[in-house]
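For ligands, and for the atoms within them, numbers begin at 1 and follow the listed sequence.
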Amino acid sequence: MLLSKLFVPITKDLPSEAKIKSHQLMLQTGMIRQSSAGIYSWLPLGYKVMKKIENIVREEQNNIGAQEMLMPTIQSADIWKESGRYDDYGEEMLRISDRQKREMLYGPTNEEQITEIFRSSVKSYKLLPQIFYHIQWKFRDELRPRFGVMRCREFYMKDAYSFDLNESGATLTYNKMFYAYLKTFQRLGLKSIPMKAETGPIGGDLSHEFIILAETGESKIYADKKVFDISIDRYKDEKASLEKMKNDFSKYYAVTDDKYKSTEFDKNVKKENQIETKGIEVGHIFYFGDKYSKSMNCSVDTKEGKKIFVKMGSYGIGVSRLVAAIIEAKYKDNKMKWPKSVSPYDVVIIPSINKNDSTNLTKAKKLYEELKKNSLDVLLDDIDENISNKFKKHDLLGIPFQIIIGSKSSKDLFEFKEVNFESKMLDLNQIIKQIKN
Ligand code: 5CA
């Protein structure tokens, strides 16, 4: 992609309304544009990053056997009345009525919708277990939308729902999801810690929030620092290994604000290992047994011919929130650095352009074609602008690799720079190897 053809409305000034770095950077680099309070448009650069995140989330859901589907954003109030949540959800729910005066709502989550689908077509234990997920816009009329897409009203979420015959099956499903979440966040370049949490309006009594550390996070957390040393690479998607993984995490104290008790923290964690800080909740998983299946009469016949209410869980990831969360976790000295897995482009070529001499731009275009031939997604900054302004702009954009075509580059050697590292002179093949490695 040529930068001259890409719509990235970068602004020079810091947007005054933004209180945290990710919000500032997303506005400043034209990733998003506010439409009204807590509602945003996603411009090409921001949308590209979000789609990359979405794809990684999708792959890891598919890897544990979850099936993708798509439920609507608008739901009928009737199913929410059945579950009893229509009134409980309060003012966060956006309620609407259609031309026949039927009560509808913009879905804040989909437990009722999926239970309705499941109960109308599954009657036998033989079809269990099942895990479904969709990646869809949600609306919650948050009292105080803030920090850009971090806490907004319209947001993009992956939500999964599981159906099992009994508690032991449901525990295995919960553990699989636990594992898929840790893998997903690892692929996004994030260290996430599962923490015991309250279940709020979703319900149930078993739940973990997946938190990444960030000063600007909204969740206060208390943890034993040893929990950060657990490497998920030791575990496999097998029953015993998954159980061990959850137990290994459970050995260490790690809770969010609402589960915190100072006496327990002091009893279980040595003073020097106590971490008390802030984090961002990027995912949240719940096991709530028959909370919805009972109220909505969702049952299957067992082998013995008995009717039982299915055991359910739900599992969310804030896909749009993750764009901001990754920025918060990764920026350094006012420079952005996207993890390779979600960077909007693999590499940017920055030629120093001089009106009277097109040598650098010609060289850059040739290199651009070569890199594209090698399946790299390349951005070429072909804009006629002072080189120091260009560097400032690319520090903001945070593409992890830069190739600078200026006085240092020769016929076959180019100045190659990984953000936050010293540059070095490399030829085409070495560059491809470095980027793909
Ligand atoms: N039904 C359950 C699981 S699917 C559920 O809705 N869980 S949740 O309320 O915890 O939301 C799941 C994830 O969505 C959160 O972990 C968070 O990452 C994201 N999220 C929730 N509210 C917002 C919001 N207002 N703005 C941006 N992201 C949000």
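Partners of Tyr106 under the ring-ring contact (aromatic ring centres under 6.0 Å, His included) rule, at least two apart in sequence or in another chain, are Phe139. Evaluation of the side chain to side chain donor-acceptor pair (under 3.5 Å) rule for Glu142 yields Arg151 as partners, not counting sequence neighbours. Residues meeting the ring-ring contact (aromatic ring centres under 6.0 Å, His included) test with Tyr235, sequence neighbours left out: none.
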Asn389 and Asn386: side chain to side chain contact (heavy atoms under 4.5 Å, CB included), yes or no, with the steps?
CA-CA 5 Å; Asn389 283 349; Asn386 167 310; 4.0 Å; yes

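Each of Thr109, Glu111, Arg140, Glu142, Val149, Met150, Arg151, Cys152, Phe155, Met157, Asp159, Ile202, Glu281, Val282, Gly283, His284, Phe286, Ser314, Tyr315, Gly316, Gly318, Arg321 has a non-hydrogen atom positioned under 4.0 Å from some atom of ligand 1.
The side-chain contact (heavy atoms from CB on, under 4.5 Å) test with Val282 singles out one residue from Ile212, Val319, Leu188, and that residue is Ile212.
The aromatic rings of His208 and Tyr174 lie tilted to each other, with the angle between the two planes from 30° to 60°.
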